[in-house]
Amino acid sequence: MSKTYKIATIPGDGTGPEVLREGVKVLNAATSKGGVKLEFTEFDFGGARYLRTGETLPDSAVEEFKKFDAMFLGAIGHPDVKPGILEQGILLKIRFALDQYINLRPVKLYPNVETPLRDKGPEHIDFVVIRENTGGIYTGHGGATRLGTTDEIATQLMVYDRRTVDRCLKYAFELKKKRNAKDKKYAAKPITLIHKRNVLTYCGDLWYRAFEEMGKKQYPEIKRDYNHVDAANMWFVKNPEWFDVAVTENLFGDIITDLGAMIQGGLGVASGGNINPEGVSMFEPMGGSAPKYARMNVINPMAAIGAAMMMLDFLGEAKSAQAIEAAMIASMKKMKSQAAGQMGYSTTDVGDMVAEMV
Ligand code: IPM
Ligand code: MN
């Protein structure tokens, strides 16, 4: 008996469609042996549609998305559209409207992938950042007055409530518990809360107390650690092997996961999931639309393939997900580089290679 999952795809802008196509190719290969069937429905939201129609993402689309098992996104961002419009109107709107409150970003260096960190290898870089994905400064509280004058004032507030903090921490502790059970090398490491509680004495304190309380009461067997975000940056570079599961608020998570992407080999290989554990989740390569590489068949689809793997894993198809990861590792071993245009293969070649090996 075969199980069918309905997947909404948004190829989006720039190189988005090219990398998404390879992700879909690999997904089809991974599920072709039976047991699982994927049914894709494509949506054309993105910069081109916005320029044509003035529409970013209608509310009816959000309702439509709720009927799917998962979503798969290429990239959103267009050079002819003012920054903020597509980000807020599409990407952030999806995250908020579908309450995708976890942004899961694995930072894993695969064999044969180059890291800018000298003397660090796959044994040192294998952790996950859990970024709170719906609160904080991203909620858009704030405003500007005396606009355009020399006395202009602007505020942008970091907003958190206990429920939002607790549900994110819960997800992080549960993931840590799972990883500890899977491998002793993970169990030896703590879960790390990252914030800036020496300065953000209200929000930082809320996160810290919630973390300590939940850890003590519900997960006493899990070691806890805390880093200020500036120090965490330093440790990501100097001692990435100290991390296993790191949990943090939205903006800090945005910033440190770009650093994470670099140490794992760049945006060509970094994937993420916008997760609502009780709802519809969306998986995406972390890189943007990279317009300068669009339609050249040179962009690395590995991050999109990694996102596809995360999606299968999230859907409960762990075996197929593992098969994709193994094929990714084997393919990366053959590639000259993970950088766009320097792979020794084209975008479609890489997709073919991974698809053949799953
Ligand atoms: C990311 C991106 C987005 C964010 C932008 C495009 C709104 O940088 O997914 O990390 O800030 O969350
Ligand atoms: Mn970002």
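Along the sequence shown, residues carry numbers from 1. In each ligand, atom 1 is the first atom listed, and ligand 1 is the first ligand listed. Remember, predicted model here, so these are calculated numbers, not experimental data.
Contact atoms of ligand 1 toward E87: 6 (C), 7 (C) (distance under 4.0 Å to a heavy atom of the residue). Listed by number with element, the atoms of ligand 1 under 4.0 angstrom from any heavy atom of R95 are 1 (C), 4 (C), 9 (O), 12 (O).
Of the protein's non-hydrogen atoms, the one nearest atom 2 (C) of ligand 1 is D254 OD1, 4.0 Å. Scanning all protein heavy atoms for the shortest distance to atom 11 (O) of ligand 1 gives Y138 OH, 2.6 Å. Looking from atom 1 (C) of ligand 1 to the surrounding protein, the closest heavy atom is R105 NH2, 3.3 Å.
Distance check, rounded to the nearest 0.5 Å: NE2 of H195 to CG of L193 gives 7.0 Å.
Relative orientation of the F127 and F243 rings is tilted, given thresholds of 30° and 60° on the angle between their planes. Between F283 and F314, the ring planes are tilted. Angles from 30° to 60° get that label.
Not a single N or O atom of N103, backbone or side chain, sits closer than 3.5 Å to an N or O atom of ligand 1.
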Let me have the donor-acceptor pairs involving side chains of residues 198-206, under 3.5 Å, with sequence neighbours excluded, atom names and distances please.
residue: D205; atom: OD2; partner: R209; partner atom: NE; Å: 2.9
residue: D205; atom: OD2; partner: R209; partner atom: NH2; Å: 3.2

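The residue from K120, K182, R179 that alone fulfils the salt bridge (Lys or Arg N to Asp or Glu O under 4.0 Å) condition with D126 is R179. Of the listed residues (E325, Q338, K333), just one forms a side chain to side chain donor-acceptor pair (under 3.5 Å) with Y110, and that residue is E325.
Protein nitrogen, oxygen and sulfur atoms, that is N, O or S, within less than 2.8 Å of the Mn ion (ligand 2) amount to 1.
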| Derivation of the side-chain contact (heavy atoms from CB on, under 4.5 Å) call for L57 and I94 | CA-CA 8 Å; L57 185 82; I94 294 172; 3.6 Å; yes
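Here the side chain of D225 pairs no donor or acceptor atom with the backbone of I191 at under 3.5 angstrom.
Taking the ring axis of F252 as reference, the NZ or CZ atom of R131 does not stay both within 45° of it and closer than 6.0 Å to the ring centre.
Nearest to atom 3 (C) of ligand 1 by heavy atom, out of I137, I255, L91, I90, is L91.
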